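What follows is a set of notes on a single structure, which appears directly below.
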Amino acid sequence: MTNTKSLKLGAIGLGIMGAPMAEFLMNAGHPMTVWARTPEKAEFILNQGAAWAQTPAALAAEVDVLFLNVSDSADVEQIVTDENGILAGAHAGLIVIDNSTISARTTRDMAKLLAAKGAHWADAPVSGGQKGAQTASLTIMVGAEPAVYDRIEPLLHHIGKTLTHVGDVGAGQIAKACNQIVVSGTLAAIAEALVLAEGAGVDPARVREALLGGSAHSRMLEIHGARMLNGEYAPGFKAKLHQKDLGIVQQTAQELGLALPGTSLAGQWMNALVGAGMGELDSSALIEVLRRLNGQTSQAD
Ligand code: NAP
């Protein structure tokens, strides 16, 4: 394993996921410099000794490895290609690790731009949610050249428990799209199961308890099932980001000429959830759309 202690790290995107991840990386003993669009979001880590960079370009110029954790493909593209973006400051040997969930296409485009400056890209989207980020136990799906993966693997161990080098650049984002297919289908199935229990006049909490002991057990039934029962919709994973992810899945499927009918349906649920004004809530609020459709009592009121 490479000794990485001397590497200077940077971080952009200090939201629900990025904030704890940057903190773990700094607490592992690395010098940390950050930039944030909303500077107040950086206060917690500046107070612990991180340095501030004026622009993404300045940050890219001074660090060895730069972690990104922003929302969507367009955000990553903007941070890379803006006049004062990462590309303007990139140097030979710089590695950008993108923990955001974005499209494989944008990922490969960004990697090409950086390669022209001798810099490298690794897509490293994560699964495990806010809890996984806060406990450094994320699942990380990595797309990178093998030599780049070997270099960053020790760093990723500071934020994740299960690392998989899926393939070359872009492969991590494809794996994450696959993850979101499973997650969205499971979420919709859990919502339907609880709505059926409620509609039948059977205690949905007891039903969830029973299901957790059998083949229907899943971490999502544990965590998101509990949120649905208790109406606890503080994010978590914002519904608008879940909707964005299903857009990425469909766009990728369309480019490849693939039909994913089940995921289309899950995407429609997510559209309805965001359309109903619940985009900032955790995506487990999906059950509220189903409750409304069926004339059942909301847990959010
Ligand atoms: P979040 O709390 O909304 O944080 C996103 C951060 O990115 C914010 O601090 C935001 O800055 C910054 N940002 C977004 N667009 C930007 C831009 N164009 N320029 C500069 N900064 C920008 O979201 P999150 O939940 O941490 O999610 C981050 C990524 O991880 C997303 O791609 C998401 O799909 C993925 N993810 C999330 C979870 C989860 O459970 N939350 C799980 C797995 C993967 P401002 O503060 O200025 O708005």
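Quantities reported herein were computed from a predicted structural model and do not represent experimental measurements. When a ligand or atom number is given, it counts from 1 through the structure's own listing order.
Between Glu209 and Arg206, at least one side-chain N (NZ, or NE/NH1/NH2) sits under 4.0 Å from a carboxylate O, which counts as a salt bridge.
A ring pair (Phe, Tyr, Trp, His ring centres under 6.0 Å) check over residues 100-156, counting only residues at least two apart or in different chains, returns the pairs Tyr149-His165. The list of ring pair (Phe, Tyr, Trp, His ring centres under 6.0 Å) pairs with a residue in residues 216-237, not counting sequence neighbours, reads Phe237-His242.
Leu196 belongs to no multi-residue hydrophobic cluster, having no ILVMFWY side-chain contact under 4.5 Å with any other such residue.
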Pick out the protein N or O atoms lying less than 3.5 Å from any N or O of ligand 1, and list each pair with its distance.
from: ligand 1; atom 1: 2 (O); to: Ile16; atom 2: N; distance (Å): 2.9
from: ligand 1; atom 1: 3 (O); to: Lys238; atom 2: NZ; distance (Å): 2.8
from: ligand 1; atom 1: 15 (N); to: Asp75; atom 2: OD1; distance (Å): 3.3
from: ligand 1; atom 1: 18 (N); to: Asp75; atom 2: OD1; distance (Å): 3.0
from: ligand 1; atom 1: 18 (N); to: Gln78; atom 2: OE1; distance (Å): 2.8
from: ligand 1; atom 1: 26 (O); to: Ile16; atom 2: N; distance (Å): 3.2
from: ligand 1; atom 1: 26 (O); to: Met17; atom 2: N; distance (Å): 2.8
from: ligand 1; atom 1: 32 (O); to: Val70; atom 2: O; distance (Å): 3.0
from: ligand 1; atom 1: 32 (O); to: Ser71; atom 2: O; distance (Å): 2.8
from: ligand 1; atom 1: 32 (O); to: Thr101; atom 2: N; distance (Å): 3.0
from: ligand 1; atom 1: 32 (O); to: Lys244; atom 2: NZ; distance (Å): 3.2
from: ligand 1; atom 1: 34 (O); to: Lys244; atom 2: NZ; distance (Å): 2.8
from: ligand 1; atom 1: 41 (N); to: Gly236; atom 2: O; distance (Å): 3.0
from: ligand 1; atom 1: 46 (O); to: Lys41; atom 2: NZ; distance (Å): 2.5
from: ligand 1; atom 1: 47 (O); to: Arg37; atom 2: NE; distance (Å): 3.0
from: ligand 1; atom 1: 47 (O); to: Thr38; atom 2: OG1; distance (Å): 2.4
from: ligand 1; atom 1: 48 (O); to: Arg37; atom 2: NH2; distance (Å): 2.9

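Around the CD atom of Gln254, the shell of radius 6.0 Å holds no more than 12 heavy atoms that belong to other residues, nucleotides or ligands.
You'll find the side chain of Leu187 stays beyond 4.5 Å of the side chain of Trp269, heavy atoms only.
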